[in-house]
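Report on one structure; see the data block that follows.
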2 protein chains.
Amino acid sequence: MVAHSLRARVRAGMIDEIKTVARRHLATDGANLSLRAVARDMGMVSSAIYRYFPSRDDLLTALILEAYDALGDAVEAADAAVERRDLRGRWHAVCRAARAWALAHPAEYALIYGSPVPGYAAPDDTVAPAQRPPVVLVGILHDGLTTGRLTPPPDELPDPLREDLAEVAAGLYPGMSEALLARGMAGWTQLFGLISFELFGRITRTLPHRDEYFDHQTGLMANLIGLPGPS
Amino acid sequence: MVAHSLRARVRAGMIDEIKTVARRHLATDGANLSLRAVARDMGMVSSAIYRYFPSRDDLLTALILEAYDALGDAVEAADAAVERRDLRGRWHAVCRAARAWALAHPAEYALIYGSPVPGYAAPDDTVAPAQRPPVVLVGILHDGLTTGRLTPPPDELPDPLREDLAEVAAGLYPGMSEALLARGMAGWTQLFGLISFELFGRITRTLPHRDEYFDHQTGLMANLIGLPGPS
DNA sequence: TCAAAATAGAGAGCACTGCTCTTGACGAAG
DNA sequence: CTTCGTCAAGAGCAGTGCTCTCTATTTTGA
């Protein structure tokens, strides 16, 4: 163990440093990350990087995983900081946390939620961390159901869709109302769209008061879902 | 004029062929479009392409403009094909048309709605065509207002947001209810999110019945907006 | 303790990219 | 018929991901 550790530790340090430098490059130069540039910044020769990451895609995957985890952490922390019974407060807190993280890390957000890199296929490791934000959102609704603060909406669902949703629910929140789950996913979809529009510059010219716009839009979805509270 | 035309015509033909070949490459190889590969496909040498497009970004811009126009055409045609008074039918038709176009042209959709290319800044020419889909959607709501089929929602809006929305409305549909405009933009945002999630493979594993899911989700937004009709 | 094995970085090199510059050929206009 | 603008071609530059070989160093096992 400790015998390993001298080399293993410096290796772990190198991996960390590469990722840090790569993240910095990502922030300035966008998604077209250059291994050679990273190596240059570290005073290494480009081929040495390949001792730590077998390919550029592997480095990207590592960054993607970290981004998912960072966003998931932020979102879950925001949810946990609000009184459990305040469903609407939790909803807004989660939405705002996701937006704040995205605005603070635009390049990493683009990495995980932008158009997929052509040749790149996200490995299965990314599936679970990618689902953390929607799971938190739906968890709020689930809490609302179990505490009686929320009632299942009477939406009519075609059978195939109901079965699909039931299967999704079974893996996360067994017994969850399919119609409410669908409404929650609508909220999650809209949240992603909101953040993407803002980040990719499709809103800024026309709507300067972006905070107010964001809160109003997420509030609309809270209304659609039936979260109790103001408005 | 006609004297010009021999050369001018073959030149226009070349430009068209380059764009066509580039679009094909886009579809197969994704967003990292290679000028050299396009030239190779046309039996040209790479430098010859620069007679027609001064840089790779200019070629991309041309493709982006065409993509915006194609989507705009599809969406407006879908709206026009439905009885004007059938607001909900028009809403669904527009949403389905946008999705169908995106599924048929995933690479071009990614080009215009994916994460922005790092060094690339969309020129102002793209602003107007990019707004055609949301303008069509909001137009449905505007028609609903003027024909009395839709009533302005009583949402409370903070003053700064109301002013921003009023300014947007003034440019498109003067006198439009700001609250209804906001709800319409929620629908547009969610539509974009729906298509992106489906296209970028964030939904397929869990929800095999995607048509039903899509219709249900867009129906939820139609409900939120208050469009009259089934459910 | 000392040799064998694993690991590290350096450098050269391949095939590719966007882009620039120069050269020579061709068609259009005076 | 000559001049001028346009075009394709080729060489070349700087950059990319990635592979291979060589050498130095550290770790490991007998």
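Convention: sequence-line order gives letters A, B, ...; per-chain numbering from 1.
- As a whole-Å value, the separation of A:Leu59 CG from D:dT16 C1' is 15 Å.
- Applying the salt bridge (charged side-chain N to carboxylate O under 4.0 Å, His left out) test to pairs two or more places apart or on separate chains, those with a residue in residues 60-72 of chain A are A:Lys19-A:Glu66, A:Arg23-A:Glu66, A:Asp69-A:Arg132.
- In this structure, the OH atom of A:Tyr50 is 19 Å from the C1' atom of C:dT7, given to the nearest Å.
- For the pair B:Arg56 CZ and D:dT16 C1', the computed distance is 13 Å after rounding to whole Å.
- Whole-Å rounding puts the B:Ile18 CD1 to C:dG18 P distance at 13 Å.
- Between the side chain of A:Ser115 and the backbone N or O of B:Ser115, at least one donor-acceptor pair lies under 3.5 Å.
- Here the side chain of B:His105 pairs a donor or acceptor atom with the backbone of B:Trp101 at under 3.5 angstrom.
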Where protein sits on nucleotides 5-15 of chain D, one letter per nucleotide: B base, S sugar-phosphate only, - none, heavy atoms under 4.0 Å: BBBBBB-B---

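- Both the sub-6.0 Å distance and the 45° axial angle are not jointly satisfied by A:Arg96 relative to the ring of A:Phe214.
- Scored by the salt bridge (charged side-chain N to carboxylate O under 4.0 Å, His left out) test, B:Glu17 finds no partners at all (sequence neighbours excluded).
- Separating the CG atom of B:Leu35 from the C1' atom of C:dC19 is a distance of 9 Å, rounded to the nearest angstrom.
- Of all non-hydrogen atoms in B:Leu141 and B:Leu180, the two that sit nearest each other are CD1-O, 3.7 Å.
- We find that CG of B:Asp58 is positioned 14 Å from P of C:dG18, with the value rounded to whole Å.
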